[in-house]
Novice: 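Handing you this structure, nothing more for now.
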Amino acid sequence: MYSSVVHLARANPFNAPHLQLVHDGLSGPNSSPTGPPGPPRRSRNLAAAAVEEQYSCDYGSGRFFILCGLGGIISCGTTHTALVPLDLVKCRMQVDPQKYKGIFNGFSVTLKEDGVRGLAKGWAPTFIGYSMQGLCKFGFYEVFKVLYSNMLGEENAYLWRTSLYLAASASAEFFADIALAPMEATKVRIQTQPGYANTLRDAAPKMYKEEGLKAFYKGVAPLWMRQIPYTMMKFACFERTVEALYKFVVPKPRSECTKAEQLVVTFVAGYIAGVFCAIVSHPADSVVSVLNKEKGSSASQVLQRLGFKGVWKGLFARIIMIGTLTALQWFIYDSVKVYFRLPRPPPPEMPESLKKKLGLTQ
């Protein structure tokens, strides 16, 4: 499997600069002494940066995908666990809005009832569940991005790159939510039912005894409703925001930016994407929170009972949480790539063949 993916990765338009040089006319038959030099399709600065940069593996190799998955584990597992107190209050506002009337009131009531330790309820299933989700989300996104871009071809992959980002992220999140669902159900039960269980060791066996495997996977459909739109926005908005920042805001090309400057751009683009993520996924998040608390309810029943106004409860807290979360996740994920010296492709450029078709070059 990996050999075929590697072959596709070497030829796809989102490839790393040092591999993309082959397709840009900077190496190959046209650049040999026996033939006329082909016109370079990228700037000399980018070509020089690609030559100077030494990567630890090839773009699209098995090692590349594994380390991207590791980056997803670190970025998602740590950030979600760090924000457990805010997530706990947000969940309680959704399932009991009469008692938890706002984010500050929610913290106050929780501290009075459970103390400071109560704010950490559900940290274990959060860490395990979102680590597994991060593995699949980021790791599979890179895989599907390579596969889909090569199915489209270089020119169509550039023209339809937003759709490509949406399709790759949706495909990755489908599998990521299957990995997340059991721990998400356990976390919500611990956080929203005081006295039910305080730890993962207590809650999981109790849930299985009461409802069987259904207890862990009954929320997977609404989880898809929440997470797939969220992830599609997270990746597509991030990719296009990065592209726009380098084009309109950053005063120099990405190839001339230091690693620290590139990571700042990553953080800003991540936060912008996170705000939109929170908005598009919040109604489904409200349904998941109530559904995992109650026995015997269906997603449609919960949605009908909450109504339009009810599904938007806790949106402000979620924007703060998801904006910060998404920015930190992208920052950590990109930092992992820098640490392991993984290929980090620049924003895509229009292929030379497409420029010629559009009459943009001589």
Side-chain angles (χ1 to χ4, degrees), residues 72 76 80 87-88 90-97 122 125-126 128-141 144 165-193 196 200 203-204 206-236 276-315 318 321-322 325-326:
C76 291
H80 277 278
D87 185 42
L88 181 146
K90 182 265 301 176
C91 285
R92 291 186 174 183
M93 287 169 59
Q94 291 171 329
V95 301
D96 194 353
T126 297
I128 296 171
Y130 283 94
S131 292
M132 294 301 98
Q133 188 209 37
L135 169 67
C136 298
K137 185 197 297 272
F138 284 93
F140 286 166
Y141 173 71
F144 285 117
Y165 302 144
L166 292 170
S169 57
S171 301
E173 189 60 34
F174 176 84
F175 296 101
D177 289 342
I178 295 174
L180 169 64
M183 292 296 103
E184 177 72 2
T186 307
K187 179 207 73 169
V188 172
R189 193 70 66 92
I190 293 171
Q191 291 182 337
T192 61
Q193 286 192 7
Y196 182 82
L200 174 61
K206 191 173 181 180
M207 291 171 63
Y208 181 76
K209 184 177 180 180
E210 292 175 351
E211 300 180 66
L213 285 176
K214 181 184 177 183
F216 302 104
Y217 286 100
K218 70 176 182 179
V220 71
L223 198 59
W224 281 327
M225 291 167 55
R226 180 188 82 182
Q227 289 297 131
I228 290 179
Y230 163 83
T231 302
M232 292 169 72
M233 183 65 71
K234 175 178 181 174
F235 283 86
F276 289 100
C277 289
I279 295 171
V280 301
S281 63
H282 189 73
D285 182 64
S286 298
V287 174
V288 170
S289 296
V290 176
L291 188 65
N292 283 325
K293 178 193 173 187
E294 299 178 352
K295 299 178 184 177
S297 297
S298 66
S300 58
Q301 291 171 337
V302 171
L303 185 61
Q304 187 176 11
R305 187 167 69 254
L306 288 175
F308 179 80
K309 188 176 179 180
V311 297
W312 294 104
K313 286 283 185 180
L315 177 61
R318 184 166 170 80
M321 186 183 85
I322 297 300
L325 190 78
T326 306

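Counting begins at 1 with the first residue of the sequence. For clarity, every value in this text was computed on a predicted model and none was experimentally measured.
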Novice: For residues 129-141, which residue pairs pass the salt bridge (charged side-chain N to carboxylate O under 4.0 Å, His left out) check, not counting sequence neighbours?
Specialist: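 Salt bridge (charged side-chain N to carboxylate O under 4.0 Å, His left out) check on residues 129-141 returns Lys137-Glu173.
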Novice: Minimum heavy-atom separation for Cys76 to Gly134, with atom names?
Specialist: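 So the two residues come closest at SG-CA, 3.5 Å.
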Novice: Which pair of heavy atoms, one from Tyr196 and one from Lys206, lies closest together, and at what distance?
Specialist: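 What the structure gives for the nearest pair is O-NZ, 3.1 Å.
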Novice: For Thr186 and Ala203, work out which heavy atoms get closest and say how close.
Specialist: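 The pair with the smallest heavy-atom distance is CG2-CB, 3.7 Å.
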Novice: Rounded to the nearest 0.5 Å, what separates atom CE in Met183 from atom OG in Ser131?
Specialist: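 Taking CE in Met183 and OG in Ser131, the distance rounds to 11.5 Å.
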Novice: Taking side-chain contact (heavy atoms from CB on, under 4.5 Å) as the test, write out the residues that go with Ala278, two or more places apart.
Specialist: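 Result, side-chain contact (heavy atoms from CB on, under 4.5 Å) vs Ala278: Arg318, Ile319, Ile322.
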Novice: On a heavy-atom basis, which atom in Leu223 and which in Ala181 lie closest, and how many Å separate them?
Specialist: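 Taking every non-hydrogen atom into account, CD2-CA, 3.8 Å.
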Novice: Can you name the nearest heavy-atom pair linking Met93 to Lys313, along with the distance?
Specialist: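 Scanning both residues completely, I find the closest heavy atoms to be O-CB, 4.4 Å.
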Novice: Leu88 versus Lys187: any side-chain heavy-atom pair under 4.5 Å?
Specialist: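 Side chain of Leu88 against side chain of Lys187, heavy atoms only: no contact under 4.5 Å found.
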Novice: Working to the nearest 0.5 angstrom, can you tell me the gap between Cys277 SG and Met232 CE?
Specialist: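 Answer rounded to 0.5 Å: 11.0 Å.
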Novice: Give me the atom names and distance for the closest heavy-atom approach of Pro222 to Lys218.
Specialist: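 Looking at all heavy atoms of both residues, the shortest contact is CD-O, 4.1 Å.
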Novice: side-chain contact (heavy atoms from CB on, under 4.5 Å) with Leu135: which residues, sequence neighbours excluded?
Specialist: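 Partners of Leu135 under the side-chain contact (heavy atoms from CB on, under 4.5 Å) test: Ile73.
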Novice: With a 3.5 Å distance limit and no angle check, can you tell me whether Arg92 reaches the backbone of Gln191 through a side-chain donor-acceptor pair?
Specialist: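 Yes; at least one donor-acceptor contact below 3.5 Å.
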Novice: Which residue is it: Leu200, Val188, Leu180? I am looking for the one with a side-chain contact (heavy atoms from CB on, under 4.5 Å) to Pro125.
Specialist: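 With Pro125 as partner, side-chain contact (heavy atoms from CB on, under 4.5 Å) holds for just one option, Leu200.
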Novice: Before giving the answer on side chain to side chain contact (heavy atoms under 4.5 Å, CB included), spell out for Met233 and Ile279 the whole-Å C-alpha distance, their side-chain angles and the decisive distance to 0.1 Å.
Specialist: CA-CA 10 Å; Met233 183 65 71; Ile279 295 171; over 6 Å; no
Novice: Please list, chain by chain and in numerical order, all residues satisfying salt bridge (charged side-chain N to carboxylate O under 4.0 Å, His left out) with Arg226, sequence neighbours excluded.
Specialist: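 Applying salt bridge (charged side-chain N to carboxylate O under 4.0 Å, His left out) to Arg226 gives Glu184, Asp285.
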Novice: Output all residues satisfying side-chain hydrogen bond (donor to acceptor under 3.5 Å, both in side chains) with Ser286, sequence neighbours left out; order by chain, then residue number.
Specialist: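 Per chain and number, Ser286 pairs via side-chain hydrogen bond (donor to acceptor under 3.5 Å, both in side chains) with Gln94.
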Novice: Who pairs with Phe144 by ring pair (Phe, Tyr, Trp, His ring centres under 6.0 Å), at least two apart in sequence or on another chain?
Specialist: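 For Phe144 the ring pair (Phe, Tyr, Trp, His ring centres under 6.0 Å) partners, ignoring immediate neighbours, are Tyr148.
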Novice: Tell me every residue that passes ring pair (Phe, Tyr, Trp, His ring centres under 6.0 Å) with His282, counting only those two or more places apart in sequence or in another chain.
Specialist: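 Ring pair (Phe, Tyr, Trp, His ring centres under 6.0 Å) check on His282 returns nothing, list empty.
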Novice: Which residues satisfy the side-chain contact (heavy atoms from CB on, under 4.5 Å) test with Leu303, sequence neighbours excluded?
Specialist: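 Once residues adjacent in sequence are excluded, the partners of Leu303 under the side-chain contact (heavy atoms from CB on, under 4.5 Å) criterion are Val287, Val311.
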Novice: What's the separation between atom CD1 in Ile228 and atom CE in Met225, rounded to the nearest 0.5 Å?
Specialist: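 These two atoms lie 10.5 Å from each other.
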Novice: Considering only residues two or more places apart or on different chains, which pairs with a residue in residues 210-235 satisfy ring-ring contact (aromatic ring centres under 6.0 Å, His included)?
Specialist: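 Residue pairs with at least one partner in residues 210-235: Phe138-Phe235, Tyr141-Phe235, Phe174-Trp224, Phe235-Trp330.
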Novice: For Asp177, enumerate each residue passing the salt bridge (charged side-chain N to carboxylate O under 4.0 Å, His left out) test, keeping only those at least two apart in sequence or located in another chain.
Specialist: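 Counting only residues at least two positions away or on another chain, Asp177 forms no salt bridge (charged side-chain N to carboxylate O under 4.0 Å, His left out).
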Novice: Could you measure the distance from the OG atom of Ser281 to the NZ atom of Lys234? Nearest 0.5 Å is fine.
Specialist: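 Between atom OG of Ser281 and atom NZ of Lys234 there are 10.5 Å.
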Novice: For Ala179, what residues pass the side-chain contact (heavy atoms from CB on, under 4.5 Å) criterion, not counting sequence neighbours?
Specialist: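 Counting only residues at least two positions away or on another chain, Ala179 forms a side-chain contact (heavy atoms from CB on, under 4.5 Å) with Met132, Cys136.
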Novice: With side chains defined as the heavy atoms from C-beta onward, is the minimum distance between Pro283 and Trp312 less than 4.5 Å?
Specialist: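 In contact.
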